[in-house]
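Because only heavy atoms are used, hydrogens play no part in the values below, and waters and symmetry mates are left out as well, while side chains stay in.
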Amino acid sequence: MTTTIGHYIQGAVTHGTSTRQQAVYNPATGQVTGQALLANTADVDAAVASAKAAFPAWADTPPIRRARVMFKFLELLNQRKDDLARIITSEHGKVFTDAQGEVARGIDILEFSCGIPQLLKGDFTDQVSTGMDNWTLRQPLGVVTGITPFNFPVMVPMWMFPVAIAAGNTFVLKPSPIDPTASLFMADLLKQAGLPDGVFNVVQGDKEAVDALLVHPDVKAVSFVGSTPIANYIYETGARHGKRVQALGGAKNHMVVMPDADIDQSVDALIGAAYGSAGERCMAISVAVLVGDVADQVIAKLIERTKTLKVLNGTNLAAEMGPIVTQVAHDRITNYIDVGVKEGAKLLVDGRGFKGATAGEGCDAGFWLGGTLFDHVTTDMRIYKEEIFGPVLACVRVPDFATAVKIINDHEFGNGVSCFTRDGNVAREFGRRIEVGMVGINVPIPVPMAWHGFGGWKRSLFGDMHAYGEEGVRFYTKQKSIMQRWPESIGKGAEFVMPTAK
């Protein structure tokens with residue numbers, strides 16, 4: 001039996017007024033498990049109206065009381081985190097242990113948001129001029145929205161709404177219709193935690209819902225994570241309608257392996273970072289840049305490890321990689337493999353022949369693909385230039401460190417990058433000279449911790465502020481400067497100049 005997955009508005013699940021739906025699948029089996037309702041403009045208007053009505057009282061709630069709601073939500077989420085991970089696996093397909101990790105990283109941001117009283121503190125200067133003081137404070141924006149992708153249906157929304165809500169905003173979440181159930185699970189826990197109705201709302205939907213949020217006059221800010229073309233569209237459309245926008249786009253993340261690197265550690269890192277979550281994450285390593293004579297050693301081990309990946313139903317705790325999220329995504333990835341072969345890259349391991357029946361009982365009709373490995377990839381090939389978003393690792397051979405840095409800096413994306421080396425000077429120079437927003441030294445997936453903030457460079461980020469951390473607090477608040485003096489300190493007569501320090 002399938003379930004209907006609705007919206008969450010004014011503290012309750014609702015079907016809204018739209019009749020459009022989208023099937024939700026279990027990627028491991030290919031079976032339809034639900035129908036996600038797709039919001040129309042009227043449904044979006046209802047969610048925004050709910051959030052707008054709730055904003056004044058929530059913004060006036062003392063930050064410490066808002067933090068207490070977040071603490072209670074944290075307690076409930078820790079109690080139910082494995083239930084949430086199972087929902088992720090059932091609709092996204094990633095292995096259960098990876099889903100647990102996703103929830104854990106979301107919890108990190110929630111813990112950070114619990115410190116909102118400290119994070120909202122402003123600055124104060126006594127006696128900036130005779131009898132005059134000056135201070136700053138940060139105030140919430142109003143109704144803000146998050147438009148989030150399929151690949152992290154819990155973690156990415158939690159990059160956004162805990163910080164936004166703790167800072168005093170009200171929130172409308174538009175999750176991916178591919179795996180929408182987690183959004184309602186989190187909404188229910190927030191209500192149990194004591195969050196007032198209307199502060200957090202969910203509209204399921206597609207482009208119609210997105211466009212309605214982008215042009216809505218009561219939406220003050222938009223956060224987005226997804227592909228670069230859509231991020232660009234979100235940024236331009238939202239900014240044109242007077243909204244604050246942070247839009248995180250695509251990636252083509254490189255990992256440089258220097259000749260002095262530990263080969264086994266490097267291969268472990270490449271296997272996990274390329275094929276974890278079936279490569280469906282914006283911080284996946286999709287290009288191995290092999291420097292000098294290290295290439296043959298690394299390639300030989302990569303072939304063996306890629307061929308022996310444990311590709312299983314994500315509910316199997318032995319699984320290292322699960323299925324592709326949808327049949328459409330599967331077809332897109334296999335097309336890229338075809339293109340790579342036609343372009344002349346050497347296909348060492350071909351994941352196209354993977355049989356779903358080997359992944360577990362009932363998996364015959366799932367969206368299965370094995371790990372794929374290319375060697376002798378060049379920078380003019382599409383499989384190098386474009387984001388594949390699947391379990392495909394491209395190996396590029398370069399003669400030296402300088403060439404490795406150059407090809408990475410020349411790429412249009414600048415999301416994440418890694419370098420494996422034992423040389424301290426190489427590590428230092430790499431960190432300073434690479435034109436990428438998130439850098440790992442012997443760390444393959446350098447996703448910053450909750451208090452640092454996430455964001456790339458170049459065409460991987462549209463907007464000026466990164467997600468979560470202190471930049472997230474700044475994004476969801478506006479600074480106000482107040483100058484004050486009292487009548488006893490005011491001299492007689494009109495003043496025709498700006499206040500000066502005197």
**Student:** Between E386 and K252, is a salt bridge (Lys or Arg N to Asp or Glu O under 4.0 Å) present by the stated rule, with each step listed?
**Tutor:** CA-CA 7 Å; E386 299 175 14; K252 196 71 178 181; over 6 Å; no

**Student:** For residues 52-67, pull every pair meeting side chain to side chain donor-acceptor pair (under 3.5 Å), keeping only residues two or more places apart or in separate chains.
**Tutor:**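 Residue pairs with at least one partner in residues 52-67: K52-D218.
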
**Student:** Applying side-chain contact (heavy atoms from CB on, under 4.5 Å) between P177 and each of Q21, Q22, Q204, report the one that passes.
**Tutor:**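 The passing option is Q22.
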
**Student:** Decide yes or no for L74 and L77: does some side-chain heavy atom of the first lie under 4.5 Å from some side-chain heavy atom of the second?
**Tutor:**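 Result no, sub-4.5 Å side-chain heavy-atom pair not found.
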
**Student:** Any side-chain to backbone donor/acceptor pair from D262 onto Q265? Under 3.5 Å, distance only.
**Tutor:**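 It does hold such a pair.
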
**Student:** According to the ring-ring contact (aromatic ring centres under 6.0 Å, His included) rule, which pairs have a member within residues 154-208, sequence neighbours left out?
**Tutor:**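 Checked against ring-ring contact (aromatic ring centres under 6.0 Å, His included) - neighbours excluded - the pairs reaching residues 154-208 are W159-F454, W159-Y468, F161-F200.
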
**Student:** Would you tabulate the side-chain donor-acceptor contacts of residues 104-112 under 3.5 Å, counting partners in other chains and residues two or more places apart, or write 'none'?
**Tutor:**
| unit_1 | atom_1 | unit_2 | atom_2 | d |
| --- | --- | --- | --- | --- |
| R105 | NH2 | V447 | O | 3.3 |
| R105 | NH2 | P448 | O | 2.6 |

**Student:** Ring centroid separation for Y25 and H92, is it under 6.0 angstrom?
**Tutor:**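 Ring centres of H92 and Y25 not closer than 6.0 Å.
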
**Student:** Do other residues, nucleotides or ligands put more than 12 heavy atoms under 6.0 Å from R20 CZ?
**Tutor:**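 Correct, the count exceeds 12.
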
**Student:** If you draw a 6.0 Å radius around NZ in K458, do more than 12 non-hydrogen atoms from other residues or ligands fall strictly inside?
**Tutor:**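 Check passes, neighbour count above 12.
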
**Student:** Check this for me: does any side-chain nitrogen of one of K385 and E412 sit under 4.0 Å from a carboxylate oxygen of the other?
**Tutor:**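 No.
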
**Student:** Decide whether N134 and S481 meet the rule of one side-chain donor and one side-chain acceptor closer than 3.5 Å.
**Tutor:**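 Indeed, the side chains of N134 and S481 share at least one donor-acceptor pair under 3.5 Å.
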
**Student:** Apply side chain to side chain donor-acceptor pair (under 3.5 Å) to Q139 and list each qualifying residue two or more places apart in sequence or on a separate chain.
**Tutor:**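 Partners of Q139 by the side chain to side chain donor-acceptor pair (under 3.5 Å) criterion, ordered by chain and then number, come out as K480.
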
**Student:** Consider only side-chain N and O atoms of N253 and S286, and report whether a donor and an acceptor are under 3.5 Å apart.
**Tutor:**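 The answer is no; no qualifying pair exists.
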
**Student:** For D464, is the CG atom crowded, meaning more than 12 foreign heavy atoms sit under 6.0 Å from it?
**Tutor:**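 Atom CG in D464 is not crowded, with 12 or fewer foreign heavy atoms closer than 6.0 Å.
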
**Student:** Using residues 141-155 as the side-chain source, report each donor-acceptor pair under 3.5 Å to any protein atom, sequence neighbours left out, with the distance given to one decimal.
**Tutor:**
| unit_1 | atom_1 | unit_2 | atom_2 | d |
| --- | --- | --- | --- | --- |
| T145 | OG1 | V172 | O | 2.6 |
| N151 | ND2 | E280 | O | 3.3 |

**Student:** We want to know whether Y476 and S223 form a side-chain donor-acceptor pair, criterion being a heavy-atom distance below 3.5 angstrom.
**Tutor:**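 On atom types as modelled, these side chains qualify, holding a pair under 3.5 Å.
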
**Student:** Give me the atom names and distance for the closest heavy-atom approach of I285 to M255.
**Tutor:**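 Heavy atoms of I285 and M255 come nearest at CG2-CB, 3.7 Å.
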
**Student:** So which pairs with a foot in residues 165-175 pass side chain to side chain donor-acceptor pair (under 3.5 Å), sequence neighbours left out?
**Tutor:**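 The answer is none; no pair qualifies.
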
**Student:** Using 4.0 Å as the upper bound for N to carboxylate O, is an ion pair formed by R86 and D83?
**Tutor:**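 Yes.
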
**Student:** Give the intermediate values and the outcome of side chain to side chain contact (heavy atoms under 4.5 Å, CB included) for residues V222 and R244.
**Tutor:** CA-CA 6 Å; V222 179; R244 185 177 290 188; over 6 Å; no

**Student:** Answer yes if the ring centres of H254 and H411 are under 6.0 angstrom apart, and no otherwise.
**Tutor:**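 Yes.
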
**Student:** Are any of the side-chain heavy atoms of N26 and E91 separated by less than 4.5 Å?
**Tutor:**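 Sidechains of E91 and N26: no contact.
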
**Student:** Using modelled atom types only, decide if a donor and an acceptor are shared between the side chain of N415 and the backbone of C282 within a distance under 3.5 Å.
**Tutor:**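 Yes, N415 side chain to C282 backbone: donor-acceptor pair under 3.5 Å.
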
**Student:** Any donor and acceptor pair, going by atom type alone, linking the side chain of Q246 with main-chain N or O of M465 inside 3.5 Å?
**Tutor:**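 Indeed, once roles are kept as given, a pair shorter than 3.5 Å links the two residues.
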
